[in-house]
Amino acid sequence: MCRSTCRPARPLPCTGVHFAEVEFPRVSQPRLVIEFREVFSLLLADEGAIPLAAEVIAAFRHHLARKGGRSC
């Protein structure tokens, strides 16, 4: 410990305060929502998500057919 040699820290004086207002543009992108009666939905953010969504839908329909359920 350095009780005898250490000085307590003195607060630094504040030399100024500056505020800036920044606006971020809100990007509006159309999205596609696909909802199923079986209580799940897919949100596609852009065209690049369509192939993956198609795979998910096909797998889901296949799963329903194996269970004897209706496809969408």
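You'll find the side chain of L42 reaches within 4.5 Å of the side chain of I57, heavy atoms only.
In terms of the side chain to side chain contact (heavy atoms under 4.5 Å, CB included) criterion, residue partners of L43 (sequence neighbours excluded) are, by chain and number, R31, V33.
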What donor-acceptor contacts under 3.5 angstrom involve side-chain atoms of residues 44-54, with partners at least two apart or in another chain?
unit_1 : atom_1 : unit_2 : atom_2 : d
D46    : OD1    : G48    : N      : 3.0
D46    : OD1    : A49    : N      : 3.4

